[in-house]
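Here's the structure, in structure tokens; my notes come after.
Residue numbers begin at 1 in each chain, while the letters A, B, ... track the order of the sequences.
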Amino acid sequence: MSMYSFKEIETKWQEYWRAEEVFKADSSPDKPKYYLLEMFPYPSGKIHMGHVRNYTIGDVAARFKIMQGYNVLHPMGFDAFGQPAENAAIKNRTKPDIWTAKCIEEMKQELKKMGFSYDWGRELATCDSSYYHWNQWIFLKMLERGIAYKKSSLVNWCPACQTTLANEEVVEGGCWRCHTTVEQKELEQWYLKITEYKERLLEDLGQLKNWPERVIAMQKNWIGKSQGVEIYFKVKDSLVTIPVFTTRVDTIFGATYVVLAPEHPLVKELISGTSQQQEALAFIEKTARARKSAQAEPTKEGVFTGRYCINPVNKETIPIWIADYVLMEYGTGAIMAVPTHDQRDFLFASEHGMPMRIVIRVSECQSVRVSEELAEAYEGDGVQVNSGQFNGLPNQEAKIKIGEWMEKTGIGKIQTHWRLRDWLISRQRYWGTPIPVVYCPDCGVVPVSCQDLPVRLPADAPFTGEGGSPLGKVKEFVETQCPKCQGPARRETDTMATFVDSSWYFLRFCSPRYTDGPFAKDEVKYWMPVDQYIGGIEHAILHLLYSRFYTKFLKDLGLLNFDEPFNKLLTQGMVLKDGEVMSKSKGNIVDPDAIIQKYGADTLRLFILFAAPPETELEWDERGIEGAFKFLNRVWRIRDNLQDKADPAVYKKLHKTIKKVTEDLEAFKFNTAIASMMELVNVIYQSGADKQVYETLILLLCPIAGHFAEELWQALGNSGSACKARWPIFDPDLVADEVVTIVIQVNGKVRAKLEVSADINDADLKALALADEKVASWVKGSPPKSVIVVPRKLVNIVI
RNA sequence: GGGCAAGUGGUGGAAUGGCAUACACGACAGACUUAAAAUCUGUUGGCAGCAAUGUCGUGAGGGUUCAACUCCCUCCUUGCCCACCA
């Protein structure tokens with residue numbers, strides 16, 4: 001009787017898989033392909049439970065597909081540029097490249113200890129010049145087509161660190177590193193014109209039938225298409241016109257004032273010379289300061305400009321205000337205020353004593369007549385009142401009619417506004433892809449030519465943590481020749497945001513060593529799109545949106561022949577401890593490596609799959625992991641008591657288990673797949689198993705507990721790798737029951753059960769049910785009102 | 001404020017119109033053992049009952065149905081995402 005010595009077994013098989021290149025993928029046109037991808041990690045040096053869960057889910061799916069005969073591509077790499085390497089450089093005086101290489105090495109060792117089925121021959125790291133070369137190449141193509149461009153804009157700026165911050169790096173209005181209040185600063189920055197693709201990004205969401213609903217909803221929200229009307233308000237005694245955007249044109253007759261954002265370009269002109277000028281200027285100055293801190297609380301402050309404009313639908317003269325509840329970034333930066341039908345306008349109007357007029361009522365005879373009776377704005381649907389020729393129309397209908405009428409008369413224009421902004425990719429940082437552009441005093445902004453790529457990061461730079469980009473201080477990097485006139489020029493010292501790196505890595509995996517372009521077209525044609533993508537919900541918007549954008553751009557370049565990169569998407573839930581997310585700051589981290597040491601990788605994999613379905617949160621439970629370990633040991637010991645020929649009932653259970661496990665793995669229902677295998681093991685402990693039953697069980701376990709299965713597969717005298725064996729097929733005859741249990745209900749309550757032949761007809765079943773003595777005692781001779789018979793399941797007698 | 005998801009035994013969870021609580025953890029009991037651990041075998045939703053059995057029970061309330069954890073409506077709670085977005 002041997003022990004289940006997981007340490008030896010796991011090392012042995014990991015070495016075997018490596019030496020035999022078991023998981024090496026090659027494109028082969030005669031086999032169905034399956035590209036399984038998990039979101040690649042930032043190489044922090046240690047894997048955490050989130051990684052373990054993400055990659056275990058993917059690994060089981062990959063191994064299952066291999067056994068089913070698919071040609072599987074399952075690669076792994078590292079999203080290796082980014083802030084932490086630079087922070088480490090500042091803190092420990094290490095070089096970012098050396099620090100990152102060390103982290104990758106350590107992380108790879110941990111991933112290997114989990115026994116994941118990666119084709120390590122395809123490993124890539126985004127910080128390799130052979131990778132970021134093509135980042136730069138794609139950027140140049142975007143520049144050529146006007147998709148990459150430079151403009152001046154407000155960005156988050158930490159005055160202490162002297163650097164810009166991404167929105168994600170602003171925590172409660174302060175710098176995530178030093179907590180200094182973040183300011184808004186005007187800077188020239190590089191952008192990618194993702195807005196050029198907004199229509200397609202929105203529309204093609206419809207193609208993503210196998211994406212979670214909520215991810216689709218989040219992307220829709222983020223793109224933020226809203227249809228409305230731009231209305232022109234003429235300023236009284238002036239040639240100026242104020243365009244206003246609204247999605248509620250049906251409320252236009254209730255507009256009692258107009259509001260501009262304090263930064264609106266027309267504001268200065270409007271207030272000049274009015275009695276309100278000083279007050280207005282002071283207000284603008286004050287809000288500008290308040291708005292500098294990124295997360296200012298909403299307020300309802302504002303000031304009258306001293307000017308009036310004309311409501312074009314009823315020629316009413318209404319005042320123009322400036323208020324900080326209007327945002328310059330959305331719409332036209334100006335709104336028409338309808339206090340009766342917009343809650344924000346209502347609050348502002350109440351505060352400042354502005355008039356209100358109801359223009360939509362639930363019904364025409366509704367008794368509320370004067371606006372003073374309103375406690376809040378009515379934002380729902382109803383019938384138009386006080387609305388000129390549109391009175392009496394349902395407001396949804398009026399919305400369309402008024403829009404059309406405005407177009408015809410030139411009062412306004414039907415328009416669509418979007419929330420999506422262009423993507424700011426400039427970072428004043430060292431550890432990222434250099435933006436391949438040169439500034440020449442004579443020729444201006446000149447792209448580096450494709451032949452001269454990659455623009456390499458200098459090996460060293462001064463990392464002080466203050467005073468802007470370290471790259472700017474590396475003379476050999478900055479000083480260069482203009483590609484156009486050969487005169488002296490300066491290189492761009494900004495680098496690209498790391499989200500750029502991860503926006504196309506799934507394409508690079510198809511031909512990671514290709515040198516003539518970002519990827520080999522035929523390899524991409526064979527492998528793409530990704531059949532199954534797996535990762536955290538935190539990437540539901542940014543990474544997935546950027547990857548979709550890149551795919552569409554590369555399609556337009558003629559390099560791809562599909563619109564969407566990821567066919568199916570699974571977002572796995574988080575791993576919790578004591579009801580909270582595992583995090584360093586909470587100090588509730590469970591180190592996967594410690595669990596591997598104590599129980600082995602197969603036990604860890606089994607537990608993490610068994611404890612919860614993949615999409616829901618998973619509560620870490622040390623006792624649960626012992627249960628998983630006990631189960632593997634229980635399976636291990638079956639080998640000591642194999643019979644010559646197992647009981648037919650065991651075979652029946654076996655084939656039912658094959659069916660259930662196959663269906664469940666297909667649907668990523670790992671927890672119930674494992675439960676059904678546990679049931680089979682319980683039956684085996686009752687009735688015994690033979691070699692064939694045992695071998696089949698081992699194969700069913702193989703995708704989940706790979707090392708364990710290999711060892712037993714070999715011990716049973718098989719040659720070759722279990723994970724290359726054919727996936728078991730169930731016998732339909734053995735799965736079908738010849739006797740079924742029928743539930744007999746009286747008035748919907750279970751009163752009896754009958755064992756009957758599976759092919760009994762409904763009439764016989766009904767007769768049998770009525771004849772049952774327990775049933776008779778409930779029916780008590782009264783004739784049943786009706787009897788419902790569900791074949792093979794139940795009979796319900798209604799009395 | 002808007003959107004989405006979830007709410008089931010002591011615990012993780014199963015059942016997506018047809019036996020509520022599969023499987024596991026924990027707990028309790030028995031076997032083995034000098035003893036413990038490990039292992040194996042049972043029992044394990046509440047209430048009433050010696051028992052057979054009855055009855056209640058899936059966040060709350062209503063509805064549809066012969067039948068509802070499941071579908072519909074209203075509400076509560078929790079989590080996530082977005083948010084002065086006009």
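On the C1' atoms, B:A67 is 31 Å away from B:A24, given to the nearest whole Å. Going from the P atom of B:G46 to that of B:U33 covers 34 Å, rounded to whole Å. Across the C1' atoms, B:G7 and B:A20 are found 16 Å apart, a figure rounded to whole Å.
In this structure, the nucleotide among B:A86, B:G42, B:A20 sitting nearest to the side chain of A:Thr247 is B:A86. Here the side chain of A:Ala612 is nearest to one of B:G13, B:A86, B:C19, namely B:G13.
Across all strands shown, B:G30 pairs with B:C40; the Watson-Crick or G-U wobble distances both stay below 3.5 Å.
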Derivation of the ring pair (Phe, Tyr, Trp, His ring centres under 6.0 Å) call for A:Phe346 and A:Phe348: CA-CA 5 Å; A:Phe346 179 82; A:Phe348 187 83; over 10 Å; no

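Glycosidic conformation of B:G9: syn, with the torsion inside 90° of 0.
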Report all interatomic pairs (protein N or O, nucleotide N or O of nucleotides 22-25 of chain B) with separations under 3.5 Å.
unit_1: B:A22; atom_1: O2'; unit_2: A:Glu679; atom_2: OE2; d: 3.2
unit_1: B:A24; atom_1: OP1; unit_2: A:Asn682; atom_2: ND2; d: 3.2

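For B:G18, the OP1/OP2 oxygens have no side-chain nitrogen or oxygen of A:Arg792 closer than 4.0 Å. Between A:Arg419 and the phosphate of B:G2, there is no side-chain N or O to OP1/OP2 separation shorter than 4.0 Å.
In summary, the side chains of A:Asp345 and A:Tyr257 do not present any donor paired with an acceptor at a separation below 3.5 Å, with no hydrogens or angles considered.
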